[in-house]
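Only one structure is covered here, and it is reproduced in the block below.
Every chain is numbered from 1, with letters handed out A, B, ... down the list of sequences.
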Amino acid sequence: MRVSQFLLSTHRETPAEAEVVSHRLMLRAGLIRQLARGIYTWMPLGLRVLRKVERIVREEMNAAGAIELEMPAVQPAELWQESGRWDEFGPELLRLKDRHQRDFCIGPTHEEVVSDIVRQEVKSYRQLPLNLYQIQTKFRDEIRPRFGVMRAREFVMKDAYSFHADPESLERTYRAMFDCYTRIFTRLGLKFRAVAADTGAIGGTGSHEFHVLADSGEDAIAYCPNSDYAANVELAEALAPGPRAKPAAALARVHTPGVKTIAELCAFLGIPAARTVKAVVLEGADGRPVLLMVRGDHELNLSKAAKLEQVKKPVAFSAGESIRSRFGAGPGSLGPVGFKGVVVADHTVAAMSDFVAGANQDDYHYTGVNIGRDFPEPVVADVRNVVAGDASPDGKGQLEIVRGIEVGHVFQLRDKYSKALNLSFLDETGKSRLMEMGCYGIGVTRIVAAAIEQNHDERGIIFPRAMAPFELALVPIGAGKNAQVRATAEALYTDLTAAGIDVLIDDRDERPGVAFADMELIGIPHRVVVGERGLKAGQVEYQGRRDPKAQPVTLQDAVQSVKSKVCADEFV
RNA sequence: CGGGGUGUAGCGCAGCCUGGUAGCGCACUGCGUUCGGGACGCAGGUGUCGGAGGUUCAAAUCCUCUCACCCCGACCA
């Protein structure tokens, strides 16, 4: 491609609204332009990146035995009413009416449509298993889109759905998809981690998220550096730390005027947060309140708490006023001593002694609180988020926490949708049975932003070769003045292109600084410069995007040598 | 949805308080000089001042309404 024939839309200045680095760079480099809140045009340069990501995803999905189809973005309400999600999905589902006042939605996902296809087309166990996928534009009316295409309302997703006669078959395809995703992110040149994820309301045996590692990621991932254990912090198990020490201090009621938070309590008493216990009151399943205790410096995990049989579903906090009327104290002064209801202690709390907790009276706390002595043994459960330094659940060391951007998710749906949408087939014995189902998503547009978060410097983007809009920038210097420079650059352009390299030649008659700055900003991983100076010595220059300096290459060797460099670092 | 903020040329912004010919930098067009890290000079084009209504002799500026976009929060003790 020639810059003179392309639409390069780079900016020197960053648009004011962009917060994160990938968003800023994508705007400056002219990869995307915003049309409306959370809705973006993919400019020619950005589309090249997107297409390269799609190509790899498609190749690997096909290789893993999935079959591509394309389903409509606009979907009739009837299907969604049938699955129950017309009402469940909430305002994220963009609804509209056609000219006949019939209800439709823009598909945020395609379980309903694909299930409708499969229940019409698949009748026999002989047709199973089946894995169907598409790469398609979705719309989710997010509360707050942000970070450019990282969390956009309209985005491109690869979504796959598999159908099975039995759970074992589902398990096999699930593994195949897990491996497929691993290959995809590896080929894309990304640092990533597969992590065990919460299966949420659907339940089922398996769900993994694939995260691109980046400090700006919205998700926290706990992992063990000594093993392959990794889980979303929401899900990672917080183990019991050890036996409880014997009570040493006497229970004492302390006046703590105005103290509401753990930070205030620690400041007031001059103790570390790890000596305190904070309490949260939830509505209980049997109507009695449930008091959950976690250590002062720990964080309650509501999805874990929701799994307790004592807790009412869906989880509801006791409102501040009802807490006050029932316990005579506001939130911030609650504690286990004398609490009328169910008391649940986190494993860590269960191992604490002589701690500080609320006294169930405003402006008072107890010090020297001990389980068993001062209040009955509580229910012990894992109800907190893990923190760095916690023991890894596989016993192989201490957990560390990194941040990640979720770019893929594999999920065993089991029969949630086959039940709702009556996905049945006839087995070997002629009996009608429900299909097992899995779903597998990749955020294609989000991958581009995530890759930039992970790969950039002060000059701009550094694309991994596999998704770079072009693999090599060819920059002639002074081509307008020097016919030899021009002729050499043109010859190299022809030869390198013929050698299978995706070359962008900067044939504008710009000053060198402009050309270099543009090629670096848009993240082209390799660069060859042709200049009068080098040509006198029969040389051109090669420089990798991450290299500190250019190195000379003789003209005769140029094509071969450059090709080996372009192909060297990553596999595509 | 709650709170805060911003809308003025393609991009970044000033002007608004105190009403009186709409500006600056970058970008863009032409000419010339320049040419290995975002050049310089001269000349030039570019605006429903987000929209509607109101006050006024006069509104980018004051008032009312409205729309769009951005940020923060929305599971906390």
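B/U56 and B/U61 are spaced 13 Å apart, taking the C1' atom of each and rounding to whole Å. Spacing of C1' atoms, B/A59 relative to B/G3, comes out at 31 Å, to the nearest Å. Spacing of C1' atoms, B/U8 relative to B/A22, comes out at 8 Å, to the nearest Å. Across B/G10 and B/C72, the matching P atoms stand 28 Å from one another, rounded to whole Å. Separating the C1' atom of B/U46 from that of B/U29 is a span of 11 Å, rounded to the nearest Å. For the P atoms, the distance linking B/G47 with B/A9 amounts to 10 Å, nearest Å. B/U21 and B/G53 have their P atoms separated by 23 Å, with the value rounded to a whole Å. The C1' atoms of B/A60 and B/U6 are separated by 15 Å, rounded to the nearest whole Å.
A straight line from CZ of A/R33 to P of B/C11 spans 9 Å, rounded to a whole angstrom. One can place CD of A/E13 at 7 Å from C1' of B/G25, the figure rounded to the nearest angstrom. For A/R151 and B/C70, the CZ to P distance is 14 Å, given to the nearest whole Å. Rounding to whole angstrom units, CZ of residue A/R24 and C1' of B/C71 are separated by 14 Å. In this structure, A/H298 atom NE2 and B/A77 atom P are separated by 13 Å, rounded to whole Å. The CG atom of A/L282 sits 12 Å away from the P atom of B/A77 (whole-angstrom rounding). Atom P of nucleotide B/G73 and atom CD1 of A/I143 are separated by 13 Å, given to the nearest angstrom. The distance between atom CZ of A/R144 and atom P of B/G2, rounded to the nearest whole Å, is 15 Å.
A cation-pi arrangement is not found for A/R446 relative to A/F155, the charged atom failing to lie both closer than 6.0 Å to the ring centre and inside a 45° cone about the ring normal.
Base pairing analysis places B/U48 opposite nothing; no Watson-Crick or G-U wobble pair with both distances below 3.5 Å involves it. Base pairing of B/G36: no nucleotide in any strand meets the Watson-Crick or G-U wobble criterion (both distances under 3.5 Å). In this structure B/G2 sits in a base pair with B/C72, meeting the Watson-Crick or G-U test at under 3.5 Å. Remark: B/C26 base-pairs with B/G10. Criterion, Watson-Crick or G-U wobble with two distances under 3.5 Å. Across every strand in view, B/C62 sits in a pair with B/G54 that passes the Watson-Crick or G-U test at under 3.5 angstrom. The partner of B/G41 is B/C31, judged by Watson-Crick or G-U wobble contacts that both fall below 3.5 Å.
Residues meeting the side chain to side chain contact (heavy atoms under 4.5 Å, CB included) test with A/Q454, sequence neighbours left out: A/L190, A/K191, A/V212, A/L213. When the salt bridge (Lys or Arg N to Asp or Glu O under 4.0 Å) test is applied to A/E218, the partners found at least two apart in sequence or on another chain are A/R151. Judged as a salt bridge (Lys or Arg N to Asp or Glu O under 4.0 Å), and not counting sequence neighbours, A/R24 has no contacts. Residues forming a side chain to side chain contact (heavy atoms under 4.5 Å, CB included) with A/A468 (at least two apart in sequence, or on another chain): A/F463, A/P525. A/R253 is linked by a side chain to side chain contact (heavy atoms under 4.5 Å, CB included) to A/Q361, A/Y364, A/Y366, counting only residues two or more places apart in sequence or in another chain. For the salt bridge (Lys or Arg N to Asp or Glu O under 4.0 Å) test, no residue two or more places apart in sequence or in another chain qualifies with A/E532. Looking at residues two or more places apart in sequence or on another chain, you find no salt bridge (Lys or Arg N to Asp or Glu O under 4.0 Å) involving A/R33.
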Please tabulate, one pair per line, each protein N/O and nucleotide N/O from nucleotides 42-47 of chain B that are separated by under 3.5 Å, including the distance.
none

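Listed pair A/Q34 / B/C70 meets the phosphate criterion, a side-chain N or O lying under 4.0 Å from OP1 or OP2. Put simply, A/R37 has a side-chain N or O that comes within less than 4.0 Å of OP1 or OP2 on B/C70.
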Could you run through nucleotides 29-40 of chain B and give me one letter per nucleotide, 5' to 3': B if any protein heavy atom sits under 4.0 Å from the base, S if only the sugar-phosphate is that close, - if neither? -----BBBBBB-

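Residue-to-nucleotide proximity on RNA chain B shows that, of A/E299 and A/H23, the 5′-proximal contact is made by A/H23.
Using a 4.0 Å cut-off between charged side-chain N and carboxylate O, A/R465 and A/E471 make a salt bridge.
Counting heavy atoms of neighbouring residues, nucleotides and ligands inside a 6.0 Å radius, atom NZ of A/K549 does not exceed 12 of them.
No side-chain donor-acceptor contact under 3.5 Å links A/S22 and A/H456.
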